[in-house]
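See structure below.
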Number of protein chains: 2
Amino acid sequence: MTPFTPASITDSLHRLPLFSGIPPHELAPLLPGVREFKVRAHEMLFQKGDSLRGIHVLVSGQAKLFMTTAQGTEKLLTMVKPGQAFGEAVVFLDRPCPVSAEATQDSTFLIVAKDVLLTMMDRNPVFARQMLASISMRLHELMSDMETCTLMNSLQRVVSYLSQQVPESEGPACEIRLDTSKQMLASRLNLAPETFSRALHHLAEGGVIEVSGRTIRVLDTQRLKTFQA
Amino acid sequence: MTPFTPASITDSLHRLPLFSGIPPHELAPLLPGVREFKVRAHEMLFQKGDSLRGIHVLVSGQAKLFMTTAQGTEKLLTMVKPGQAFGEAVVFLDRPCPVSAEATQDSTFLIVAKDVLLTMMDRNPVFARQMLASISMRLHELMSDMETCTLMNSLQRVVSYLSQQVPESEGPACEIRLDTSKQMLASRLNLAPETFSRALHHLAEGGVIEVSGRTIRVLDTQRLKTFQA
DNA sequence: GGACTTTCTTGATTTCGGTCAAGGTTTTCA
DNA sequence: TGAAAACCTTGACCGAAATCAAGAAAGTCC
């Protein structure tokens, strides 16, 4: 277990994209507002409607952000990976949180309180820009999700997702390891699990991928992107 | 026609939510980076894929932000009203713009160049926060749209939209004036125009609204929100 | 290692909303 | 003012994806 010391926290912070542009010694003013939490898999971090005291940063483990319907079904928005922050937009608007968050693995995360963030932003323009870039990025991702969800059919959505997961500048083939269950991925793509399953089956039949559990082997990246019917 | 002078532009800027927190005399450093444009209805402001030199602020008129499918159909994202800024996230990320923008009425808008914005943010923490709040707001709106588009059926989407348009703290009844054509609204709600029309008809039959052209009279706000089938 | 649960797949059926088509209404503009 | 265009509504039909149902596969835990 990592010791819970100012030095270790400064170190954790410095490894995170959001703070990596800041020299470690300038991170000191943040420390009074940083708290470290450890949660077990399936524990809730916060719920829709909560107000957040600060931004959350996942240090290790995995979490999911999702919305819930009146009927209790979940719609996955995104998986959070180590190094990523979430809740920025909520904190800066002082509004109830529009989503819920839950750890999907045993996880460690930091909460950086709103007040120290604001002071840091005031003192350090580089950090302010970083913060802005981070939220802008989130906005772009959401736009992109909106695009897939509204303009594409089920097969195209799956193709689009897989294509995004393909690493850059590789040969025609590659292997993708899904980071969640297929039903959660289906939810993320706004599909019924059955539909997602059929889409994968269809792609496999067409000879562009091979599915084996959570591992998907893309045989031809180009053909995948242009796969029709 | 408004004269195109530093004084008039400072004045325009100061009226905008994004800059209203800044004393007018502090706006001076922005001026070299501000340009005013006038466009006629149906002129494009920019297209998906363009890179933007600065944020756009609509001074007067009306514009729309939308996405286009490969087949050329449009999906309306949002209507821009006077005082609103757009393109912030694009500017701060230095990425190609994910959406297209077009004036829907004769309009005047300002482009505030990226470099002067960044300098202003560095000098003026209040402005930096304002900028962050503005983008955060956009993110929240998009989340809310995502929620309606993915978790609700057609009727619920229309009900949700109308409910949002109802002014706060009023009696049970009120009148809503649609700010665009019904087909555009349909697109915004991710519905075929026919489906939108049928939804309104259905609500009118149920006695919760009365439709007359672009004016919709809500007879009972509460019943509207809980209207089923 | 075997029972239990959870996850995934496959087929049959249904349904919501899209598409097509046609008629009516409103707006635009000469 | 009147013709043309754009917009809206309504009905009939169709289809993509959800739901329902049941069985197979994989993961979990004594």
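Because the structure is a prediction, the values reported are computed rather than measured. Protein chains get the first letters and strands the later ones, always in sequence-line order, with residue 1 at the start of each.
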Expressed in angstrom and rounded to an integer, what is the separation of [X] atom [atom1] from [N] atom [atom2]?
X	N	atom1	atom2	result
Leu189(A)	dA17(D)	CG	P	12 Å
Arg198(B)	dG18(C)	CZ	P	9 Å
Gln156(A)	dA16(D)	CD	C1'	12 Å
Met152(A)	dA16(D)	CE	P	17 Å
Glu194(B)	dC14(D)	CD	C1'	14 Å
Leu191(A)	dT19(D)	CG	P	12 Å
Met184(B)	dC8(D)	CE	C1'	15 Å
His42(A)	dT6(C)	NE2	P	10 Å

Closest nucleotide among [options] to the [X] side chain:
X	options	answer
Ser181(B)	dC20(D), dA17(D), dC8(D)	dC8(D)
Ala192(A)	dG18(C), dC7(D), dT19(D)	dT19(D)
Gln183(B)	dC8(D), dG17(C), dC20(C)	dC8(D)

Does OP1 or OP2 of [N] have a side-chain N or O of [X] closer than 4.0 Å?
X	N	value
Ser197(B)	dT9(D)	yes
Ser154(A)	dA17(D)	yes
His201(B)	dT10(D)	yes

Any N/O donor-acceptor pair, Arg214(B) side-chain to dT25(C) base, under 3.5 Å: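 Flag unset: no donor-acceptor pair detected.
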Check: dG17(C) base within 3.5 Å donor-acceptor of Arg157(B) side chain: no
Non-hydrogen atoms of Ser163(B) and Lys225(B) that approach each other most closely: OG-CG, 3.4 Å
Side-chain donor or acceptor of Arg223(A) paired with backbone N/O of Gly206(A) under 3.5 Å: yes
Partner of Arg188(B) by side chain to side chain donor-acceptor pair (under 3.5 Å), out of Thr148(B), Thr78(B), Asp145(B): Asp145(B)
Parallel, tilted or perpendicular, as decided by the 30° and 60° cut-offs, for the rings of His202(B) and Phe227(B): perpendicular
Plane angle bin for Phe109(B) and Phe37(B) - parallel if under 30°, tilted between 30 and 60°, otherwise perpendicular: parallel
